[in-house]
Each structure stands twice: as C-alpha cells, then as structure tokens.
Peer 1: 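I am attaching a structure below and will ask some questions about it afterwards.
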Amino acid sequence: LPILIACQKSAAAAAKRKEFDVQGDRVKKLYENDPRAAEKVLQQLEKDDQLAASGRAPAAKKTAWRKKSAELNHALGAASGGVVIPVEDDRVPCPSCGKKFAALTAAR
C-alpha cells in the first residue's frame with residue numbers, strides 16, 4: 001500500500017508539470033526588453049500553429065536567394081575574365097538620376 005500512495009503522488013506531480021515550449025522560451029529571451037513585441041510574436045506563432053493544424057498553412061514568403069546567388073556567380077565569373085552572361089534585371093530606372101529601384105519603390 002505505501003508503494004501505491006507513492007505512485008499516486010508521482011502521477012499527480014507529473015500531471016501538474018507544464019508543457020515545455022522551446023519557441024516561446026526563445027522568443028521571450030530575444031524580446032526580454034520589449035514584452036509587447038514578444039507577445040505579438042507569440043500570438044503570430046500561435047495563429048500559424050492553428051492554421052497548420054486546420055490544414056491551411058500560411059503562405060510562405062518567396063525568397064529570391066537563387067536569383068541573387070546566380071547574379072553573384074555571374075558577376076564573379078565576369079570579374080575573373082569569364083564569359084559575361086546578361087542577367088534579367090526587373091528593376092525600374094529613375095527618370096531623373098538613372099538609379100534602379102524595385103517596381104513599387106519606383107512608383108512612389
């Protein structure tokens with residue numbers, strides 16, 4: 001009987017244990033000087049988790065790292081005397097200074 005009591009106590013202690021949250025702890029440490037920002041990030045993470053659980057994942061942001069990497073490799077090749085391959089440039093030149101900007105920035 002004393003063994004059963006000990007088992008019941010350990011089971012009760014295990015039930016009270018809080019869930020380990022790696023993401024939450026990391027966010028709190030990153031934003032320990034700004035608790036409001038930490039709460040916003042945690043709320044967004046929670047919303048993303050709910051969307052993923054319902055089967056609708058949030059839209060992933062498109063990254064242009066492949067394009068930028070290819071441009072860098074072409075520039076390095078051209079600098080070392082290699083063949084210069086023209087790279088598609090989707091930026092819009094400014095009519096007054098000629099500097100190139102993204103389409104939305106150029107519209108401003």
Peer 1: Please tabulate, one pair per line, all N/O donor-acceptor pairs under 3.5 Å involving side-chain atoms of residues 91-102, not counting sequence neighbours.
Peer 2:
unit_1, atom_1, unit_2, atom_2, d
Arg91, NE, Asp89, OD1, 2.9
Arg91, NH2, Asp89, OD2, 3.2
Lys100, NZ, Asp89, OD2, 3.0

Peer 1: Suppose we screen for salt bridge (Lys or Arg N to Asp or Glu O under 4.0 Å). Which residues come up paired with Asp90, at least two apart in sequence or across chains?
Peer 2: Lys67
Peer 1: May I ask you to list the residues sharing a hydrophobic cluster with Leu42, side-chain cutoff 4.5 Å, ordered by chain and number?
Peer 2: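 Under the 4.5 Å side-chain rule, Leu42 groups with Val27, Leu30, Tyr31, Val41, Leu45.
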Peer 1: Which Ile, Leu, Val, Met, Phe, Trp or Tyr residues join Val22 in one cluster when any pair of side-chain heavy atoms under 4.5 Å counts as a link?
Peer 2: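 Its cluster mates, by chain and number, are Phe20.
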Peer 1: Check the surroundings of atom CG in Leu76: do more than 12 heavy atoms from other residues, nucleotides or ligands lie under 6.0 Å from it?
Peer 2: yes
Peer 1: Applying salt bridge (Lys or Arg N to Asp or Glu O under 4.0 Å), can you list everything that pairs with Arg26, at least two apart in sequence or on another chain?
Peer 2: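 Partners of Arg26 by the salt bridge (Lys or Arg N to Asp or Glu O under 4.0 Å) criterion come out as none, since no residue qualifies.
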Peer 1: Can you list every side-chain hydrogen bond (donor to acceptor under 3.5 Å, both in side chains) pair that touches residues 33-45, not counting sequence neighbours?
Peer 2: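 Residue pairs passing side-chain hydrogen bond (donor to acceptor under 3.5 Å, both in side chains), neighbours aside: Gln44-Asp48.
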Peer 1: Return the minimal non-hydrogen interatomic distance between Pro35 and Glu32, and the atom names on each side.
Peer 2: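 Residues Pro35 and Glu32, closest heavy atoms: CD-O, 4.5 Å.
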Peer 1: Which residues pass the side-chain contact (heavy atoms from CB on, under 4.5 Å) test with Asp21, not counting sequence neighbours?
Peer 2: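 Residues passing side-chain contact (heavy atoms from CB on, under 4.5 Å) with Asp21: Gln23.
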